[in-house]
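In what follows, every heavy atom counts, from backbone to side chain, and hydrogens, waters and symmetry copies are set aside. Every value quoted in this text rests on a predicted model; they were computed, and no experiment measured them.
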Number of protein chains: 2
Amino acid sequence: MRLVIAQCQVDYTGRLSAHLPWAKRLIVVKADGSVSVHADDRAYKPLNWMSPPCSLTIREPDADEACAVPALGARVQQVWEVDAVTGDHLQILLGDVDLDVTEDLGVDPGLQKDGVEAHLQELLAENPEAFGDGWSVVQREYMTPIGPVDILCRDAEGTYVAVEVKRRGEIDGVEQLTRYLDLMNRDHLLGGHVQGVFAAQQIKPQARTLAEDRGIDCLTVDYDALRGMDHPEERLF
Amino acid sequence: MRLVIAQCQVDYTGRLSAHLPWAKRLIVVKADGSVSVHADDRAYKPLNWMSPPCSLTIREPDADEACAVPALGARVQQVWEVDAVTGDHLQILLGDVDLDVTEDLGVDPGLQKDGVEAHLQELLAENPEAFGDGWSVVQREYMTPIGPVDILCRDAEGTYVAVEVKRRGEIDGVEQLTRYLDLMNRDHLLGGHVQGVFAAQQIKPQARTLAEDRGIDCLTVDYDALRGMDHPEERLF
DNA sequence: GGGTGCATATCGCTG
DNA sequence: CAGCGATGTGCACCC
């Protein structure tokens, strides 16, 4: 990883065009080939970047570029050209350099996450009684031509129920489930009528209203309680 | 901006839980208060971070934490605690420090962008003949109770047309326009029938199929050509 | 502050 | 490779 703090001017052309006037910024070159240009705000988001795969070429400024004066009495020291196979291009003109360090970080052992939608789905699939007495799971990630239904269940009467699981239930999730239901209701193998359940840790009022208007049941899920019902020894950490 | 490269172990609890085992990483503290932990890959995305507003407290390790040995012969030097008002918490245990520099970057003059959806919408609103002869613009960002329609037009026959503009036309955009049309078709002030146009630089086949199935017309827009029809002297750069 | 939509979104999985 | 969905999405804008 290489860290450079320098006066710079940046131009990007690709999916859009963007221009950064002269200012002092941080430039990060990672081992994966990525290049990012950061200001002292915007949290972790850079002002400009190039994602790998891309190639970085560093060269002397030509006569024309040397005239692009970063500050009074200063001059352009280097020109960085970053090219991606997609045609995206990032050009960085560098003036005075305040920091230029390179450190080998090695490969990161990686990130362990807990509490994402996949875990919620897993817990619900293992505890279908959370939906109601006599419910059973037919299949997780039940594939339809337009995407996978999170959990396909049958209720106590044997009716098929498509369950859409979300951490936060918003209007998009209801639209998604509606598309699945429209399709599944045309499938005679599923009995001609598939019920819908929208399950989330938190359901926005507008999403609930839309769901109920479409005959979809809503279930608010307590992740920690459900986790407690499960096997505590299987927790990640 | 403060840049630290050090052996570290990171734990995050908030919207989810996440754990990073000991490894050498880059830690960035920006003037906006944000803290990001980077590995040497994942392009500009950090492994873990805290967004402002948040507070950073640096302290000595207690007896318990000192036992968390980062590497053979090393010991925990510092503990960083980052807290957000939302209750989110980030804890970083630091071992050996390889780099610790602080630089004042000042306020960034900012970013100029060209070619995003807003520009496309602007160009189309100024050139409604792109939709067809005799078309006129009624209003941009026409408000409905569920959100703004990008452009409301009338065609040569005087029929109202809701135009949804996207850089890349995908299925979500068709759903969005459909919701607007459902609502507007109940509005007698708009003549009881509002036509739909889905305009984008590129329209995915599935989005096109869905749109046509719903009676929505598709228009592929050439941004550069449209820009040429417009006033070249008004270009950003 | 909630609702809505845009983003150079990025990333991972599946077919 | 495309399609689809999740993301600690983040962010701006508007009511």
Side-chain angles (χ1 to χ4, degrees), chain A residues 10 12-18 32 34 36-37 41-52 54 82 84 86-90 111 113-121 141 143-150 164-168 170-173 175-177 179-180 200-201 204-207 209-210, chain B residues 12-18 34 36 41-52 54 84 86-90 111 113-121 141 143-150 164-168 170-173 175-177 179-180 204-207 209-210:
Chain A
V10 185
Y12 165 77
T13 51
R15 277 170 278 193
L16 56 66
S17 300
D32 62 3
S34 64
S36 319
V37 181
D41 59 1
R42 293 161 198 249
Y44 68 75
K45 195 90 199 281
L47 292 162
N48 244 317
W49 71 92
M50 195 75 101
S51 297
C54 61
V82 191
T86 53
D88 288 28
H89 183 75
L90 186 70
L111 182 65
K113 288 185 183 184
D114 181 35
V116 293
E117 192 199 284
H119 296 122
L120 195 57
Q121 190 195 121
E141 302 287 350
M143 282 305 303
T144 74
I146 55 166
V149 172
D150 287 338
E164 178 63 35
V165 181
K166 287 271 182 273
R167 271 191 319 112
R168 287 178 305 176
E170 297 178 25
I171 211 160
D172 277 6
E175 296 281 20
Q176 189 184 339
L177 180 54
R179 285 199 301 272
Y180 295 148
Q201 288 180 267
K204 294 276 182 83
Q206 298 209 352
T209 303
L210 183 64
Chain B
Y12 165 77
T13 51
R15 277 172 277 194
L16 56 66
S17 301
S34 64
S36 320
D41 59 359
R42 294 162 195 246
Y44 69 75
K45 197 91 200 285
L47 292 162
N48 243 320
W49 73 94
M50 195 72 101
S51 298
C54 62
T86 54
D88 288 27
H89 183 74
L90 187 71
L111 183 65
K113 288 185 182 184
D114 181 35
V116 292
E117 191 199 282
H119 296 120
L120 196 58
Q121 189 195 121
E141 301 287 352
M143 280 306 300
T144 74
I146 54 167
V149 172
D150 287 340
E164 178 63 36
V165 181
K166 288 271 181 273
R167 266 189 328 110
R168 286 180 303 177
E170 298 179 25
I171 210 160
D172 276 6
E175 296 283 18
Q176 189 183 340
L177 179 53
R179 286 198 299 274
Y180 294 149
K204 292 278 180 81
Q206 298 209 353
T209 303
L210 183 64

Visitor: Any side-chain heavy-atom pair from B/S51 and B/S34 closer than 4.5 angstrom?
Guide: no

Visitor: Answer whether the closest heavy-atom distance between the side chains of B/E117 and B/D150 falls below 4.5 Å.
Guide: yes

Visitor: Mind checking the C1' distance from C/dA7 to D/dA6? Whole angstroms is fine.
Guide: 16 Å

Visitor: Measure from the side-chain heavy atoms of A/L16 and tell me the nearest of C/dG5, D/dG8, C/dT8.
Guide: C/dT8

Visitor: How would you list, by chain and number, every residue that makes a salt bridge (charged side-chain N to carboxylate O under 4.0 Å, His left out) with B/E170, sequence neighbours excluded?
Guide: B/K204

Visitor: Tell me whether the OP1 or OP2 atom of C/dG3 has a side-chain N or O from A/K204 closer than 4.0 Å.
Guide: yes

Visitor: What string of B, S and - do you get for nucleotides 10-15 of chain C 5' to 3' if you count protein non-hydrogen atoms under 4.0 Å?
Guide: SS---S

Visitor: Measure from the side chain of B/P205, starting at C-beta and using heavy atoms only, and say which of D/dG3, C/dG5, D/dG5 lies closest.
Guide: D/dG3

Visitor: Report the nucleotide, chosen from D/dG5, C/dG5, C/dC6, that has the shortest atom-to-atom distance to any side-chain atom of B/E164.
Guide: C/dC6

Visitor: Anything under 30° is parallel, anything over 60° is perpendicular, the rest tilted; go ahead and classify A/Y44 against B/Y44.
Guide: parallel

Visitor: Checking all strands, does B/I171 fall into the base, sugar-phosphate, or nothing category for heavy-atom contacts under 4.0 angstrom?
Guide: nothing

Visitor: What is the distance from atom OG1 of B/T13 to atom CG of A/D114, rounded to the nearest 0.5 Å?
Guide: 11.5 Å

Visitor: Could you work out which one of D/dG8, C/dG3, C/dG5 sits closest to the side chain of A/Q206?
Guide: C/dG3

Visitor: Please determine whether a side-chain nitrogen or oxygen atom of A/Q176 lies at a distance below 4.0 Å from atom OP1 or OP2 of D/dA6.
Guide: yes

Visitor: As a test of reading the structure: which of D/dG5, C/dG5, C/dC6 is closest to the side chain of B/Y180, going by heavy atoms?
Guide: C/dG5

Visitor: By the 4.0 Å heavy-atom rule, please label B/Q121 as base, sugar-phosphate, or nothing.
Guide: nothing

Visitor: For the P atoms, the ones on C/dT4 and on C/dT8, what distance do you get once it is rounded to whole angstrom?
Guide: 23 Å

Visitor: Does B/D172 reach a base, just sugar-phosphate, or nothing at all? Heavy atoms under 4.0 Å.
Guide: nothing

Visitor: Taking the minimum atom-to-atom distance to the side chain of B/V116, which one of C/dA7, D/dG8, D/dA6 wins?
Guide: C/dA7

Visitor: Grab the two heavy atoms, one from A/L120 and one from A/K166, that are nearest each other, plus how far apart they are.
Guide: CD2-O, 3.5 Å

